[in-house]
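Read through the structure below, which is laid out as structure tokens, and then see the notes.
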Amino acid sequence: MMLRRVRAVAQKEIIQILRDPRSLMVVLLMPLMQMALLGYGVNLDIKHVPACVFDREGSQQSQSLLKAFQASQYFSVVESERTYADVTRAIDAGRCKIAIVVPHDFSETLANANAASVQAILDATDDNTANIALGYAQAVIGAASGNIQLERAQAMGQPPPVVPAVAEYRVWYNEDLVSRNYIMPGVVALVMALVGAQLTSLTISREWERGTMEVLVSTPVTSLELMAGKILPYFVIGLIDAAFCLMIAVFWFQAPFRGSISTLFFTTSLFLVVVLGLGYFISASIKSQVGASQIALVATLLPTTLLSGFAFPIEQMPAPIQWLTYLVPARYYFSILKSIFLKGSGIADLAAPIAALALYAAVVGLLAARAFKKTLG
Amino acid sequence: MTGDIRIRADKLTKRFGDFVAVNAVSFEAGRGEIMGFLGPNGAGKSTTIRILCGLLRPSSGRAEVAGLDVAREPEKVRANIGYMSQKFSLYDDLSVMENLSFFGGVYGVKGARLKRRIAFAVEMAGLAGREDAVVSDLSGGWKQRLALGCAVLHEPKILFLDEPTSGVDPASRRRFWDLIYALAGDGVTVVITTHYMDEAEYCNRIALINGGRLVALGSPSELKRSAIRGEILLVEGDDPGAMLEALEGAPGVRDVAPFGSSLHIVVDDAARDRAAIEARLAERSLSWSRIEPIKATLEDVFVQLVGEGGKAAP
């Protein structure tokens with residue numbers, strides 16, 4: 001490896017990048033736009049689920065139960081129905097996702113049998129929302145029935161009912177259970193994977209398409225020198241992009257950041273080497289620019305969204321799919337970012353995913369260097 | 001390396017599937033020699049050059065460039081050669097100076113030597129004062145001379161030029177050949193492919209390639225002597241097509257080939273056979289404006305050995 005030659009390649013690459021300001025703008029603005037889109041677009045918190053109520057009894061007790069729904073921030077009661085047919089229509093038309101039906105003998109059953117049931121009808125076309133809404137409904141009803149018990153005990157002059165054991169819980173790391181805190185590291189990992197592979201996906205295929213490769217391969221520059229010289233400038237751009245993304249996550253979307261900048265810098269650099277190497281490998285394997293760019297997009301977007309653990313928890317995947325996730329570099333970077341952001345983990349805590357990324361970087365680097373053959377044919 | 005032999009090809013063969021692009025080509029080229037590869041398109045000239053540059057592996061046979069086996073030590077070979085491809089291959093979006101600095105860098109030239117070599121290349125290409133011009137703004141002749149300048153920055157022993165003058169105006173071609181002569185004068189071995197016959201005449205030796213085979217090898221005058229056994233008569237007249245028909249197979253006529261609007265006729269003895277040809281034309285009542293003996297050109301050799309349609313000679 002001759003540094004003189006690496007430097008010549010890197011200088012040439014920088015001149016070409018700077019001489020094409022439009023591409024440079026794309027490279028710098030694309031991550032900002034992706035951060036904004038994903039940061040606002042992906043929101044796993046469900047609030048204000050549209051609900052309708054059908055009170056078949058109309059008693060004081062049924063009304064106070066339904067008031068609890070109105071008061072909850074998880075539901076917004078959009079209409080009150082008079083018949084089951086109205087309930088069906090409201091759900092069919094999509095005006096509400098959940099209907100709460102109080103039976104006509106609600107207060108009577110409550111008084112006599114000590115337990116009454118309330119019906120919840122759910123639109124489960126989006127099963128995730130339906131599940132969460134059901135959970136919220138149970139919580140609201142649970143709280144309401146606790147109040148009823150308490151009132152009844154007071155009315156009878158009895159001491160409040162004794163509950164033998166109560167689970168007291170503390171949520172660590174994401175105290176407010178705000179999904180954005182957990183999403184932002186994922187969004188950063190996704191954007192960096194996309195941008196990183198895109199940055200280098202054109203560098204080799206462009207030389208083939210323009211015909212400049214023909215003479216370049218006849219010079220003594222080795223494939224390793226060429227790779228180092230070409231990746232270096234994009235590594236710097238990648239770091240700038242990463243800094244933008246992380247600052248947007250922390251300062252704009254207010255994701256809590258508890259780790260150290262140096263850990264973040266080290267791990268981000270490592271991840272960048274992996275994705276830049278991946279883009280370079282694709283560029284060296286495919287001689288057309290359009291083809292290389294599209295394959296780089298598919299190769300990073302799909303595995304990162306589906307298999308990094310960002311959208312779907314890895315622990316809940318079937319075993320063969322779980323094994324597959326080990327091949328997705330964003331899986332490691334996502335878990336590293338989550339730990340740095342939410343737990344403030346240091347390099348020692350992250351030894352396993354860092355080692356995985358380092359191994360990945362070595363393998364991708366080797367493949368990329370081998371993919372570029374200094375021959376015409 | 002023995003003596004001044006810079007290139008030695010021994011039964012060099014390249015197959016692409018069933019297609020034999022280069023078929024057992026053997027030749028040698030010495031220091032300071034200008035060797036021309038002449039042949040129709042697709043004859044295997046570029047493929048041969050690419051093998052010699054270490055850009056393609058030969059299927060069989062071997063080649064040494066600067067004493068190094070091209071298949072086994074392609075990287076070392078590359079340090080000794082300069083290569084200009086058929087298509088312009090410099091960076092269009094870079095300036096003259098940026099291109100020179102880049103190629104100087106990848107050839108590993110540095111410091112004072114790089115400065116000296118860049119100054120030499122700028123001077124040679126006639127680009128003084130245009131160092132900061134972006135290459136896409138340069139005309140064809142300048143681009144071509146800049147490409148040559150980039151190819152010789154590291155003072156290579158051997159220069160491979162693949163149709164360097166295609167698409168360049170005649171004045172620039174002339175000037176380019178002056179540069180090639182100057183380089184050869186300094187001891188650089190130059191291998192150049194061309195399909196311009198007049199350019200082939202400038203070469204010290206010509207390798208005539210057709211259908212992947214080396215059909216003839218020698219200096220232009222040697223080729224003319226050996227390929228054309230006989231003399232050549234130029235015939236001009238109103239109806240060359242009818243004259244061609246009339247003279248084909250006529251007594252004393254060994255071969256007839258159209259050259260523009262005239263005919264070249266290969267005969268054993270121009271003085272003796274001229275009368276027979278005139279008689280034949282008169283017999284068919286064809287009028288001619290000119291019949292005279294001429295010196296054979298390389299084009300005659302080419303036609304004789306390769307045939308009109310580029311078909312292999314028997």
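Below, chain A is the first sequence line, B the second, and so on; all start at residue 1.
In this structure, chain A has a heavy atom under 4.5 Å from the side chain of Lys87(B), while its backbone stays farther away. Residue contact with chain A, scored on non-hydrogen atoms closer than 4.5 Å, is absent for Ile51(B). The part of Val109(B) that comes within reach of chain A is its backbone (N, CA, C, O), which places non-hydrogen atoms under 4.5 angstrom from that chain. The part of Leu90(B) that comes within reach of chain A is its backbone (N, CA, C, O), which places non-hydrogen atoms under 4.5 angstrom from that chain.
At a heavy-atom cut-off of under 4.5 Å, chain B is reached by Glu207(A), Glu209(A), Arg210(A) from residues 193-210 of chain A, listed in order of number. Residues of residues 3-36 of chain A placed with any heavy atom under 4.5 Å of a heavy atom in chain B are listed by number as Arg4(A), Arg5(A), Ala8(A), Val9(A), Lys12(A), Ile15(A), Gln16(A), Arg19(A).
Looking only at side-chain heavy atoms (C-beta outward), Tyr91(B) and Leu216(A) come within less than 4.5 Å of each other. Between Phe103(B) and Val215(A), the closest side-chain pair of non-hydrogen atoms falls below 4.5 Å.
Atom CZ of Phe265(A) sits in a sparse spot, with 12 or fewer heavy atoms from other residues, nucleotides or ligands closer than 6.0 Å.
To the nearest 0.5 angstrom, Met84(B) atom CE is 11.5 Å from Ser218(A) atom OG. Distance check: Leu153(B) CG to Thr219(A) OG1 gives 11.5 Å after rounding to the nearest 0.5 Å.
Looking at every heavy atom in both residues, Pro220(A) comes nearest to Ala79(B) through CG-CA, 3.8 Å.
Counting only residues at least two apart or on different chains, no side-chain hydrogen bond (donor to acceptor under 3.5 Å, both in side chains) pair has a member in residues 116-136 of chain B.
Scanning for salt bridge (Lys or Arg N to Asp or Glu O under 4.0 Å) contacts around Arg113(B) gives Glu155(B), with sequence neighbours left out.
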